[in-house]
Amino acid sequence: MTSTPPPGEPPDRAAERARAVRRQVPEVAVTITREVRAQIPRYALTTIRRVLDEAVSTALHRFLDALDASPHPDRGVEELFHALGRSEARAGHSMSDLRAAVQIAVSCSWRFLHRLQPDGQPARPVRQDLADTVIAFADHLVAEADAGHAEGVQQRDHDGTRARARLAEALLTGVSPTAADREAWLVPQSVLVAVVELPDDERPDLTALGRDTLVVRDGDRLVVLADARLRSEVVDAVRAAGTGRIGLATAATPAGIPAAARWSRRVLQLVQRGIVADSRVVDTAEHLTQIWLHAEPSLRQTLVQEQLRPLLAESPNSREILSETLLVWLETRDSAPAIAAHLGVHPQTVRYRWKRINELFGDALREPEFTVQITMVLKASVPLWKAGDQSDFERFQTSEQA
């Protein structure tokens, strides 16, 4: 800041005024800090109060340095206010309180400057020039604080993003987050977990989700964590961003987040394989059985070869109609007419199919443990076969040839 006396006032008179007022700096500083604390309660906190006291005293002396135009050491007041602005940003505060504090300081300082004159009241033009100088100096300090605040916001967002990413990673892997990372986001008691497919070569804008959610990249997908109560808001924001399918799961507790994320990923895989009906939003709660049955693909394949071997030996068309009919009977235990109505065929057709099913499985259909097992195996496999997966039949043929 340029060290010049107020326009319209001789330098010697300005220096005399500065010397007269400088003796009163401790008194002025006490008045200012007391008034600031009274009007802005959080500035009365011990940690902030010490910085405030230093800033007020340093700023007063720096202003008088400029007023008397004499050589003075660099008091570092610009750096101090720059740091104040940065500190406000890092604490998550806007500049409103600091701006208000500067205005309070200007008002208190002017009362002293106006009163403490070497030879009475100054002429009106000189008084106006002095007021302009005080205001210009205050604006200069506020500009420094604004610059520090902008820098602090950038640093806070950068550090906060890293902490939020670490917290999301810890929650998704079941690792206990650090105390510092836990402060990045208040983990709700019931967490919505959304796995979102990303379009090719596009970066959807998810800023609408705000800081109420955690968003982390997961390969070619995003994982969004949010309070379960924000379900509709999250879904709307993600859909509006132009993403692909959304797999949704709700964890009862934060400890269930890793499992919920697995379910969401798996249900999207089942959609891609044609096992679960395609939809923009896929709720895991509606497909828990299929998610469970396909949790261990190799185990399902092994059970198919062991439990359904008679079916695998049938022709492709026979396999399809017999497996579908058997599954409906196992799930409903209905009569032939009821099963026929479900399948959209004639009851006599169901009876014919049932005759062939009994030839294939015989008395095993009367064993409770066997029927429970094949119900689960068929429930997992029939949708897969309908979607065109031939791996079970190919594996059967390979074993038969061997």
Side-chain angles (χ1 to χ4, degrees), residues 163-179 181-198 206 209 211-239 243-304 372-373 375-381 383-384 387:
R164 290 165 68 84
R166 288 194 301 268
L167 176 60
E169 187 67 25
L171 293 173
L172 288 168
T173 56
V175 176
S176 179
T178 66
D181 290 345
R182 280 197 297 268
E183 294 179 359
W185 187 59
L186 180 61
V187 182
Q189 293 182 343
S190 183
V191 184
L192 175 73
V193 181
V195 175
V196 183
E197 294 180 342
L198 295 177
L206 294 176
L209 290 173
R211 297 185 66 83
D212 290 335
T213 63
L214 285 183
V215 182
V216 64
R217 189 72 180 245
D218 180 31
D220 58 350
R221 299 186 178 99
L222 291 178
V223 178
V224 180
L225 305 180
D227 191 313
R229 294 172 294 185
L230 300 177
R231 174 192 174 101
S232 60
E233 290 88 341
V234 170
V235 171
D236 290 344
V238 172
R239 294 184 67 172
T243 63
R245 299 185 192 92
I246 308 166
L248 287 180
T250 301
T253 65
I257 291 175
R262 287 196 303 273
W263 301 342
S264 296
R265 295 188 192 98
R266 191 168 296 146
V267 80
L268 292 178
Q269 293 170 353
L270 296 179
V271 170
Q272 292 171 352
R273 296 174 66 185
I275 299 170
V276 169
D278 198 357
S279 175
R280 180 70 186 281
V281 180
V282 189
D283 194 336
T284 60
E286 300 174 4
H287 307 284
L288 290 177
T289 301
Q290 288 292 359
I291 293 171
W292 170 46
L293 294 175
H294 288 274
E296 289 289 346
S298 60
L299 180 58
R300 184 202 63 80
Q301 291 175 346
T302 299
L303 288 173
V304 166
V372 168
Q373 289 179 355
T375 300
M376 294 295 99
V377 175
L378 285 170
K379 195 172 183 65
S381 303
L384 199 61

Residue list, side chain to side chain donor-acceptor pair (under 3.5 Å) with H287, at least two apart or on another chain: none
Using a 4.5 Å cut-off on heavy atoms from C-beta on, say whether the side chain of V195 contacts that of W263. no
Heavy-atom pair with the smallest gap, counting every atom of G244 and R280: O-NE, 3.1 Å
From L384 CG over to K379 NZ, what is the distance, rounded to the nearest 0.5 angstrom? 14.0 Å
Residue pair T250 / V193, side-chain heavy-atom distance below 4.5 Å: no
V223 and V215, any side-chain heavy atoms less than 4.5 Å apart: no
Where L167 and P177 come nearest, the two heavy atoms and their spacing: CD1-CB, 3.6 Å
Test side chain to side chain contact (heavy atoms under 4.5 Å, CB included) on R245 and V271; report intermediate values, then the result. CA-CA 9 Å; R245 299 185 192 92; V271 170; 3.3 Å; yes
What distance separates I257 CD1 from S264 OG, expressed to the nearest 0.5 Å? 11.0 Å
What do the steps show when you test V238 against V281 for side chain to side chain contact (heavy atoms under 4.5 Å, CB included), and what is the final call? CA-CA 10 Å; V238 172; V281 180; over 6 Å; no
Determine, stepwise, if the pair R217 / L222 fulfils side chain to side chain contact (heavy atoms under 4.5 Å, CB included). CA-CA 5 Å; R217 189 72 180 245; L222 291 178; 3.6 Å; yes
Is there side-chain contact between R221 and L268, with at least one heavy-atom pair below 4.5 Å? yes
Short side-chain donor-acceptor distance under 3.5 Å, S381 and R300: yes
Heavy-atom side-chain proximity of T284 to L248 below 4.5 angstrom: no
Tell me, with the steps shown, if D212 and L230 meet side chain to side chain contact (heavy atoms under 4.5 Å, CB included). CA-CA 9 Å; D212 290 335; L230 300 177; 4.1 Å; yes
For the residue pair V234 and V224, establish whether any side-chain heavy-atom pair is separated by less than 4.5 Å. yes
The criterion is side chain to side chain donor-acceptor pair (under 3.5 Å); which residues satisfy it with D227, sequence neighbours excluded? R229
Quick one: list whatever passes side chain to side chain donor-acceptor pair (under 3.5 Å) with R231, sequence neighbours left out. D283
Does any N or O in the side chain of R164 come within less than 3.5 Å of the main-chain N or O of A184, such that one atom is a donor and the other an acceptor? yes
Nearest-0.5 Å distance, CG of residue L270 to CG of residue D278: 12.0 Å
Expected output: side-chain T178 to main-chain D181 donor-acceptor under 3.5 Å: yes
Gap between atom CD of Q373 and atom CG of L378 - 0.5 Å precision: 11.5 Å
Pairwise distance NE2(H294) to CZ(R273) - rounded to 0.5 angstrom: 6.5 Å
Shortest non-hydrogen pair, R266 vs I291, comes out as CD-O, 3.5 Å
Shortest non-hydrogen separation from L214 to W185 and the atoms involved: CD1-CE3, 3.2 Å
With heavy-atom distances below 4.5 Å as the criterion, would you say the side chains of L192 and L225 are in contact? no
Nearest heavy-atom approach of P258 to T173 is CG-C, 4.1 Å
I'd like to know if the side chain of T243 and the backbone of V196 have a donor-acceptor N/O pair within less than 3.5 Å. no
Distance check, rounded to the nearest 0.5 Å: E286 atom CD versus S279 atom OG? 8.0 Å
Return yes if a side-chain donor-acceptor contact under 3.5 Å exists between E197 and Q272, otherwise no. yes
